[in-house]
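The next block holds one structure in the form of structure tokens; read it before the comments.
Owing to the predicted nature of the structure, the values given are computational and were not obtained by experimental measurement.
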Amino acid sequence: MRFNNLCWPGSLRSRLLAVYGLSMAFSALLVGALVILMAKPFDSYALQRGMGHAAEKLAEWVRFGDDGVPEGFSEHEIKSWMLTSLGEEMQLRITDAAGRVVFAPNGETQALEQNDHGFDPELKAFAYERGGVVMRAGTAALTHEGRTWYVQLAISDRMVDWLRESVGLPALWRGMVAIGVVFLVVFLISTHRTLQRMLRPLGVAAQDAQRITPQTLDTRLQAKDLPREFAPLVEAFNLVLDRLQAGFRNQQEFLSMAAHELKTPLALMRAQIELEPDAGGRPNPLLQDVDHMARQVQQLLHLAEVSEHRQYRIGDVEAAGAVAEACGYMSRASEQCGIRICAEVDAGAQVWRADRGALFILLKNLIENAMQHSPGGSTVTVRAFGHGFSVVDQGCGVPAADLDRIFQRFWRSSERRDVGAGLGLPICLEIARAHGWTMQALPGAVGLELCVRFGGGEGSLTPPARPS
């Protein structure tokens with residue numbers, strides 16, 4: 001039977017169930033066809049072979065008289081009316097060794113014998129015709145008190161055919177249908193449950209694979225509970241993860257090493273430039289370029305560090321202390337820009353669960369970003385509350401079309417006044433992701449509000465909200 005051109009459902013369980021169901025249906029049809037074709041020949045063969053066994057069984061029920069001669073059958077086993085009512089269709093004899101009939105239900109005196117062969121006690125099963133009707137007969141020997149007797153039984157083919165057509169076949173078909181339906185239902189249910197249990201580890205492996213992120217590339221799928229056929233696929237997937245992890249590690253190591261290696265020559269260049277003669281009080285463009293490069297190198301180093309989530313050490317951090325530390329660090333830069341930093345800590349902001357160093361970088365970058373977009377004489381407000389914090393500037397805001405882009409690496413707005421590298425907010429986003437926080441850019445009444453909210457679990461970061 002070919003299944004190549006069939007349109008299968010998508011799941012492996014459905015495919016297997018469909019194959020099993022169609023195979024069972026085809027097998028049932030084949031068996032039914034064979035039963036129909038072979039029923040009559042097999043019945044005749046089985047009947048003729050079985051008459052000898054039936055005669056042997058009847059021999060066990062023979063009842064003897066006081067003279068030791070058989071006089072009938074036990075009434076407990078065979079009622080007398082059963083022997084006389086079907087006299088034309090069933091023949092019964094008890095004979096001696098010479099073939100003389102000593103008992104017959106309807107008084108017959110002729111022993112049963114094969115056509116033109118005479119009485120043959122050694123013939124266990126044979127067929128003969130009686131009045132144009134084929135009879136199937138069998139003979140069984142019986143020894144009692146040293147004498148041997150023979151029990152003969154014959155049944156007509158037409159009686160067997162009638163019983164088969166009127167009783168046997170309908171009962172057979174009903175039995176086959178009932179057994180087939182019950183068997184099919186039990187088989188499909190048990191197969192479904194078995195496949196469900198067998199494929200459950202595959203679903204668990206799929207969920208484990210979905211949880212793998214660039215920050216959890218050290219996770220590997222386990223093949224011990226999976227069917228053996230899926231082991232090569234799992235091993236191949238783990239090998240892919242090995243290559244990805246190696247590439248990601250090399251990338252992070254290169255980024256970190258490059259940043260570290262660039263810091264020393266930049267510091268030396270700055271020192272050498274500062275030692276040169278004063279240019280009349282004018283700012284040195286070369287020194288500004290060096291400072292810009294140093295800032296980019298520092299941000300690349302921070303980005304490499306915050307991308308390694310396994311290095312985070314989460315603990316209790318006092319909210320007011322964390323905000324005061326970041327604001328104090330940025331106070332000198334704010335004074336140079338003529339911008340005031342205002343910290344507002346709600347009573348509900350007591351203790352946060354975070355990595356202290358990463359939280360400091362997050363707050364510092366947000367404050368620095370707000371200062372870069374705020375005019376002189378304005379205020380940058382840092383608000384801390386129980387479930388998060390926000391930084392609000394008083395700048396010109398961000399166009400609605402750019403709200404979704406401000407967290408992209410190296411993206412810079414055309415309205416920026418500074419010469420940053422476009423990595424400050426991506427670093428903040430990476431830190432928020434590592435903590436399982438959400439980060440949004442919300443247009444305020446004046447300027448832009450960058451809001452960080454706690455909770456939601458790792459990887460649940462929501463995209464920046466669009467203004468309505």
Side-chain angles (χ1 to χ4, degrees), residues 211 213 215-216 302-303 305-331 334 340-371 373-374 379-395 397-398 400 402-408 424-468:
R211 287 193 289 266
T213 65
Q215 290 73 34
T216 58
H302 282 165
L303 183 60
E305 291 174 350
V306 301
S307 297
E308 288 291 336
H309 293 187
R310 290 171 296 177
Q311 297 180 6
Y312 284 63
R313 297 295 181 266
I314 306 299
D316 292 337
V317 178
E318 185 182 359
V323 172
E325 182 182 7
C327 293
Y329 182 84
M330 295 301 299
S331 62
S334 66
R340 188 171 68 93
I341 301 177
C342 177
E344 300 176 359
V345 181
D346 291 347
Q350 298 293 329
V351 177
W352 293 339
R353 294 285 297 172
D355 180 276
R356 188 176 189 87
L359 179 60
F360 172 77
I361 296 176
L362 173 58
L363 286 168
K364 179 186 73 68
N365 282 6
L366 291 178
I367 296 172
E368 187 176 21
N369 179 80
M371 289 170 50
H373 291 83
S374 297
T379 301
V380 172
T381 305
V382 181
R383 299 192 181 104
F385 36 90
H387 56 278
F389 54 88
S390 65
V391 178
V392 183
D393 62 57
Q394 293 182 343
V398 177
D402 293 339
L403 278 176
D404 289 340
R405 304 173 61 190
I406 64 174
F407 294 106
Q408 296 178 7
L425 291 182
I427 291 174
C428 295
L429 179 61
E430 196 66 39
I431 295 174
R433 279 178 170 164
H435 288 82
W437 301 340
T438 61
M439 189 170 181
Q440 291 179 312
L442 305 174
V446 178
L448 183 71
E449 179 181 3
L450 292 172
C451 183
V452 176
R453 297 184 182 276
F454 303 154
E458 185 175 351
S460 64
L461 184 71
T462 60
R466 294 179 179 269
S468 57

| field | Contact summary for Ser374 and Asp393, nearest pair of heavy atoms | value | OG-CB, 3.1 Å
| side chain to side chain contact (heavy atoms under 4.5 Å, CB included) between Glu344 and Val382: does it pass, once the steps are laid out? | CA-CA 6 Å; Glu344 300 176 359; Val382 181; over 6 Å; no
| So which heavy atom on Ala349 is nearest to which on Ala319, and how close? | O-CB, 3.7 Å
| message | Can a donor-acceptor pair be found, under 3.5 Å and without considering hydrogens, that links the side chain of His435 to the backbone of Arg353? | response | no
| said: Strictly distance-based, threshold 3.5 Å: is any side-chain N or O of Asp355 a donor or acceptor partner for the main-chain N or O of Arg313? | reply: yes
| query | Got a second to check how far Leu366's CG is from Met439's CE, nearest 0.5 Å? | reply | 4.5 Å
| said: Would you compute the distance between atom CG of Asp316 and atom CD of Gln350 and round it to the nearest 0.5 angstrom? | reply: 12.0 Å
| Heavy-atom pair of closest approach, residues Cys428 and Leu362 | CB-CD1, 3.2 Å
| task | Nearest 0.5 Å please: distance from the CD atom of Glu449 over to the OG atom of Ser390. | result | 4.0 Å
| Nearest-0.5 Å distance that lies between atom CG in Leu359 and atom CD1 in Ile431 | 8.0 Å
| message | Minimum heavy-atom separation for Ala322 and Leu363, please, with both atom names. | response | O-CD1, 3.7 Å
| said: Donor-acceptor pair, distance only, cut-off 3.5 Å: does the side chain of Gln394 make one with the backbone of Thr379? | reply: yes
| query | Between Trp352 and Phe454, how do the two ring planes meet: parallel, tilted or perpendicular, split at 30° and 60°? | reply | perpendicular
| task | Locate the shortest heavy-atom distance separating Val392 from Arg383; write the atom from each residue and the value. | result | CG2-NH1, 3.3 Å
| message | If you compare all heavy atoms of Phe385 against all heavy atoms of Phe389, which two are closest, and at what distance to 0.1 Å? | response | CZ-N, 3.5 Å
| remark: Rounded to the nearest 0.5 Å, the CD1 atom of Ile341 sits from the OG atom of Ser331 at a distance of 6.5 Å
| field | From CE (Met330) to CD (Glu368), nearest 0.5 Å | value | 4.5 Å
